[in-house]
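In each ligand, atom 1 is the first atom listed, and ligand 1 is the first ligand listed. Start at 1 with the first residue, then count along the sequence.
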Amino acid sequence: MDRGFGKTDRIDNWWRSPLAMAVYLGIAVIYATWRGFMEADFWIFEEFGRSAGNQTMAIESNDSHVLSPLFSPLIIPGEDGLGSWVPESLWWLSPAMFILIIPAGFRGTCYYYRKAYYRSFMASPAACAVSTPFGDYKGESRVFLFQNIHRYFMYLAVAYLFVLSYDVLLATQFSAKGVDSFGVSVGTLVLLLNVILLGGYTLGCHSFRHAIGGIRNRFANGGGRVAEACWKSCTKLNKNHNKWAIYSLFWVMFSDFYVYACTEGWWTDVVLFGGL
Ligand code: FES
């Protein structure tokens, strides 16, 4: 095989997929970083968000509460709740910075995303039968062994599903002047779909399947029937793990943008029924 960047004997458009993924992941990373910093309280960021008097993390109009998944659970440094634990020296941080390590660490070490960004950003290799620019492909050895931390991020990501589900519940609670009422807005449905897509992604995780299958390498001698059934259920999601990964990432970003657009007044979070 020819050696060098992008050298190959392939005559099909093999570069389309890694290029499209590079654009997709690049936009997602830039957007999440921008939003994460927007609610920080330092340098140019004090001109945005809650520092400037208009937080963009949660829709509070209509007496509802629709929290962006990029800021959940909400840790506002120095304020009541979880934020009261944050030392004053860290009050300049954005609420997103306390929690984004979990979704970023989970996705960054996911088996599917690893393949995607090794191809798209490192060209290592960019596609099957395409030469790598850095010598022979050696697999995930040496420093890349840190990717094994994925199995621990998985437990955090599963816990995160409960947090985001609680946010959906809060998004059905409308409250004003001591009066509470049930309701559903478009924002509620946006958050609900976010949990469904993240559930499909997280519960189809290879590490989750291994854990729920009883952390064993084979099902033999009639033992572990329940574990095997769990493993097989998980496999149904796992077969389309790439699609769950791509769609759920898009919807996390869209959910956040929806909240952002409503707090800026570009869109209105329409109440579909109930509410106050
Ligand atoms: S392998 Fe993709 S989330 Fe675990």
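Among the atoms of Cys205, an N, O or S atom falls under 2.8 Å from atom 4 (Fe) of ligand 1.
Residue contact check: Phe106 has heavy atoms under 4.0 Å from atoms 3 (S) of ligand 1. Those atoms of ligand 1 with a heavy atom of Cys110 less than 4.0 angstrom away are 1 (S), 2 (Fe), 3 (S). Heavy-atom contacts of His206 reach the following atoms of ligand 1: 1 (S), 4 (Fe) (cutoff under 4.0 Å).
Proximity of Phe208 to ligand 1, defined as any heavy-atom pair under 4.0 Å, is not found for any part of the residue. By the criterion of a heavy-atom distance under 4.0 Å, the side chain of His241, and not its backbone, is placed next to ligand 1.
Side chains of Thr56 and Met38 form a contact here, defined as non-hydrogen atoms less than 4.5 Å apart. A 4.5 Å side-chain heavy-atom check between Leu67 and Leu74 finds at least one atom pair inside the cut-off. In this structure, the side chains of Phe106 and Tyr152 stay at 4.5 Å or more apart for every pair of heavy atoms.
Side-chain contact check for Arg209 and Thr235: at least one donor-acceptor pair (N or O, by modelled atom type) lies under 3.5 Å.
A side-chain hydrogen bond (donor to acceptor under 3.5 Å, both in side chains) with Asp167 holds for exactly one of Ser72, Ser68, Ser255; it is Ser72.
The shell of residues lying under 4.0 angstrom from ligand 1, judged by heavy atoms, includes Tyr201.
Scanning the protein for heavy atoms near atom 4 (Fe) of ligand 1, the closest one is His150 NE2, 2.1 Å.
With a 6.0 Å cutoff to the six-membered ring centre and a 45° limit on the axis angle, Arg35 does not count as a cation-pi contact of Phe71.
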